[in-house]
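Computed from a predicted model, the values in this text were never measured in an experiment. First the proteins, then the strands, lettered A, B, ... as listed; each starts at 1.
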Amino acid sequence: MSASLSRPTKRVAVLAIALSSALVAAGCTSNDPATTPAASTQQTGSDAVSDNDAPGKKVVIGFSGPAADHGWLAAVNKSAQDEAKKYSDIELKSAEGTNDASLQISQIETFINDKVDAIVLLPTDGAALTEVATKAMQAGIPVINVDREFSSPFAARATVLGDNYGMGVSAGTYACKIVKDKNIANPVIAEIAGIDALPLTQDRSKGFADALKACNQTVDNRVAAEFTVESGEKQASNLLQAAPKIDVLWNHDDDQGVGVMAALDQANRHEMAFIGGAGSANAMRWIQEGKMEATVIYPPTQAADGIKLARLIAQGKGLSDLVQVEVPNRIVLNAPVVTKENVEQYLPLGFES
Amino acid sequence: MSADVTKVDQAGEPVGGAASGTTPPTPSGPPVGGAASRREGGIAGFLNGPVGRNAGLVLALVLLVIVGIITAGDRFASPENALTILRLGSVIGVVSVGMTFVISGGGIDLSVGAIVALSSVWATTVATQTMAANYHWIVMVIAALVVGAVCGLVNGVLIAYGRMAPFIATLAMLAAARGLAEIIAKRRTQIIRDRGFIEFFGGSVLGIPVLVIMFAIVAVVGWVLLNRTTFGRRTLAIGGNPEAARLAGIRVQRQTMYLYILLGVACGIAAVMIMARTTTGTSTHGTLYELDAIAAVVIGGTLLSGGRGTIVGTVLGVLIFTTLTNVFTLNNLDTSTQAVAKGAIIVAAVLLQQRVSRTRSG
C-alpha cells in the first residue's frame, strides 16, 4: 500500500498522523483531572530535606491492587502509578487490577518468580492474600501491605493503613461539635453507611457511634448503601421519609454521596449538616458552595505511600524525618476533616469520582 | 405441576393459542383463552379482573401497607412517602414491564442492568452533553433509547437468528455492555450539567413526579400491547409453544427479536429515569436489575417458561419489593434483615397466588 504512494504524499500523511496524535495526547492530558493532585504532591513531597529522593540503586517494585470500579480505588491506582513515575530508579511492574482473590494470588506468585525487589499489595481481601504474602517474605521479598490488613504479622515488612475507625471518630466528633455549636436539644443524627458486610464499614460505624457517645448522642437512623451513586440515592430517599427532620447526616462515601445529594435536592431537604467521607473533588466543591458541611478524608494516596516505602526499604534507607534508621512497620494515616475553612488546602488531593 | 398451570391459564389471563392447544390464533381472531367471554359484570367480573387474578399479590401488598401504618404511622401513610415509593419503584418497574414481554415470549434477559448502565453512560458523555447543550437535552434521551434498542437488537438477533440460548446470549451482553460502559466512562461518574434535563425529569406534574407518570404510561402501554393487540397474542403464542406458533403462521424469529428490542428500549427509558434520579451516568447504574426485574415478573405470575404474562402482576410485584424496602427503612432495620424478608415474601406471594388460583379454578 504505502509503496504506491508518492514521496510528498507520504510525507504529508506522516505529518498528519503526527499532528493528530499530538492533538489526541494534548486532549488526554488537559482533560485528565488526576494530573492535578500528582503535581501538587510533588510540591509537598519536598518538605523534608534529605537525600532520600536522590536516585539510588535501581529497584523493581511489583504492584497489585483491586479493580478500579469506584472513584476512590481508581485514584489509589492512579496515584501509585504517578508516584512511581517520579523516580528514575523505580521500575514499576503493575498487575491488572482485579477483585478476584485467586487471580491476585497468582499475580503475587508471578512477582515472586520474577524476583522483584519489593511488592506493594492492596489486597482484595486481606486474609485471603496473607498466605502468598508470607511466601514472598520468606523468599526475601519485602511486602508492603496497603489499606486492607493481612491476618498475620509475618506477611508484611511494612503496613500502610487508612484509619476507618478514625474516620468514624472524626465524623462523630465533628457531629458533636455541630450539635454543641448550634445548641440543638434533641438532635436527629442519621448515617448512610457503605456495604455493611465489609469490615471497613463496620469500623467506620463503630468509630462514629463511639465518638457520638462522648457527647451523649446516638445514631437515630441508619441505612446502608453499596458505594454506588444509585444505591446512595435510593437509601437516602427512603431515609428522608423515615426521618422528617435530620440535624446531622454522615455519609460514609463521597462516590455514593453524589446520589445522596441528588436525593436531598429532589426532596428539597437541606436542613441538616451533611458530612461526607473519603474526600472526592465533588464533595470539596460542594463544601466550597456551602451545599455540604464537611467531609472526612480517607487518603487515596496510600498505595503511593506504599510505593515510596517499598523503594526506601529495597534501597536500605529509612524515613528521613525519623531518628530510627529503618522504615517503621506500621503507619496509620490520619483522617482529617475538611471544612469550608481548609478546603482550599485539600482540594488538590480530592479525587474525581 | 403443569396441569395446575393449564387450569390457571384457562381461569385467568389470555394465554397463547399453543397453550390451549386446538385453535392456533390468527392475527385477526378473538383473544384466545376465554378471557373476553368471562369479562362479565358483577362479582364474577371483579374476581376475574385485575384484582381477583392477583388476589395473592394484592393481599401481600395490603399486609405490607398495614404493617407500615402500624409501625411507622404518619411517616408511612403520608402522600410524600407514597410518592417516594412510587418514584423509587418506577425505574425497575419500567425494566420489569419490558422483561414481562421477553419472559412471556419464552425468553430471559440477564443483561438489562448492564444495558441501563451503558445507556446512561453513553447519554452523559462529554460529547453527548455538548450536543445536548447546543441543541436540546432531548439528544441525551434519544442517545439512551438508541443505545438500549441497539443492545436489544443484538440480543434479539443472536437469540432468534443465531439460535443462541437466551441465557447465554444475554449473559454475554451483561459482561460486554458493562465493560464497554466502564471503558467509555473510564470508571468515572459522569455528572449531568444540563439543568433542563434534571428539572424536567426530576419535576412533577400536578404533584405527581414525572418519573411516576412515565412508569404509569409504560405500564398502560405494556398492558394494552400484551392483552389487546396481535403483537401480544403472538408473544404469548411463541412463548407457549413456538412450533405451534410457527405452524399458525407467526414469524417466530422476527417476533422474538422484536421482544428483545422492546426490552432494550425499556432499558433506555429506565436509563433516562435513573439519570434524572441520580443526576449522573455511570457504569455502576443498574447493578443486579436483572434479578430484581425477574423476581418482580415471576412473583407477579408470569410463567418463567413462557406462554402467560401479566403486566398488572408485574407492577404489583415491583410495588411489593419497593414498599418492603421503604417499610424496613422507616423502622430502621438493617439490609441483611431486609434481604431475608425479601426471600420470604417471594415464597409467600407465589404460594398465596397458587392457592388463590387453585380454589377459584377448582
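- Counted within 6.0 Å of NZ on Lys291(A), heavy atoms from surrounding residues, nucleotides or ligands total more than 12; the atom is thus considered enclosed.
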- Message: Quick one, Lys206(A) with Asp203(A), criterion salt bridge (Lys or Arg N to Asp or Glu O under 4.0 Å). Give me CA distance, side-chain angles, the key distance, then yes/no.
- Response: CA-CA 5 Å; Lys206(A) 185 160 190 316; Asp203(A) 289 348; over 6 Å; no

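- Counting non-hydrogen atoms of neighbouring residues, nucleotides and ligands closer than 6.0 angstrom, the CD atom of Glu96(A) reaches no more than 12 such neighbours.
- With a 4.5 Å cut-off on non-hydrogen atoms, Asp265(A) does not touch chain B at all.
- Both the backbone and the side chain of Asn221(A) come within contact range of chain B, each with at least one heavy atom under 4.5 Å from a heavy atom of that chain.
- With chain B as partner, the option from Gln241(A), Gln266(A), Gln235(A), Lys234(A) having the largest number of non-hydrogen pairs under 4.5 angstrom is Gln241(A).
- The stretch residues 62-89 of chain B places Arg75(B), Ser78(B), Glu80(B), Asn81(B), Thr84(B), Arg87(B), Leu88(B) near chain A, each with some heavy atom under 4.5 Å from a heavy atom of that chain.
- A donor-acceptor contact under 3.5 angstrom links the side chains of Ser94(A) and Gln81(A), judged on distance only.
- Of the listed residues (Thr282(B), Ile198(B), Ile274(B)), the one with the most heavy-atom contacts under 4.5 Å to chain A is Ile274(B).
- Heavy atoms closer than 4.5 Å to chain B are found in both the backbone and the side chain of Ala224(A).
- The side chain to side chain contact (heavy atoms under 4.5 Å, CB included) test applied to Leu198(A) returns Ile195(A), Leu200(A), Thr201(A), Phe227(A), not counting sequence neighbours.
- No other option in Arg187(B), Lys186(B), Glu182(B) has as many heavy-atom pairs under 4.5 Å with chain A as Arg187(B).
- The heavy-atom pair separating Ala181(B) from Val121(B) by the smallest distance is O-CG1, 3.7 Å.
- With 3.5 Å as the limit, one finds a donor-acceptor pair spanning the side chains of Arg222(A) and Ser205(A).
- Only the side chain of Val223(A) comes within less than 4.5 Å of a heavy atom of chain B; its backbone N, CA, C and O stay farther away.
- Contact count against chain B (heavy-atom pairs under 4.5 Å) is highest for Ala262(A) among Ala263(A), Ala262(A), Ser280(A), Pro244(A).
- Aromatic ring pairs are classed by plane angle as parallel below 30°, tilted from 30° to 60° and perpendicular above 60°; the pair Trp137(B) and Phe197(B) is perpendicular.
- For the 3.5 Å distance criterion, the side chains of Gln190(B) and Thr124(B) qualify, holding a donor opposite an acceptor.
- Among residues 318-329 of chain B, the residues having any heavy atom closer than 4.5 Å to a heavy atom of chain A are, in sequence order, Thr325(B), Asn326(B), Thr329(B).
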Can you give each donor-acceptor pair under 3.5 Å made by side-chain atoms of residues 246-253 of chain A, sequence neighbours left out, with the distance rounded to 0.1 Å?
from, atom 1, to, atom 2, distance (Å)
Asp247(A), OD1, Lys245(A), NZ, 3.0
Asp247(A), OD2, Val188(A), N, 2.8
Asp247(A), OD2, Lys245(A), NZ, 3.3
Trp250(A), NE1, Gly276(A), O, 3.0
Asn251(A), OD1, Gln256(A), NE2, 2.9
Asn251(A), ND2, Asp253(A), O, 2.8
His252(A), NE2, Glu191(A), OE2, 2.8
Asp253(A), OD1, His70(A), NE2, 3.3
Asp253(A), OD2, His70(A), NE2, 3.2
Asp253(A), OD2, Asp255(A), N, 3.2
Asp253(A), OD2, Gln256(A), N, 3.0

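- For the residue pair Thr284(B) / Thr287(B), no side-chain donor-acceptor distance below 3.5 Å is found, with atom types taken as modelled.
- Using a 3.5 Å distance cut-off with no hydrogens or angles, the side chains of Gln104(A) and Ser64(A) do pair a donor with an acceptor.
- For the 3.5 Å distance criterion, the side chains of Tyr298(A) and Asp147(A) qualify, holding a donor opposite an acceptor.
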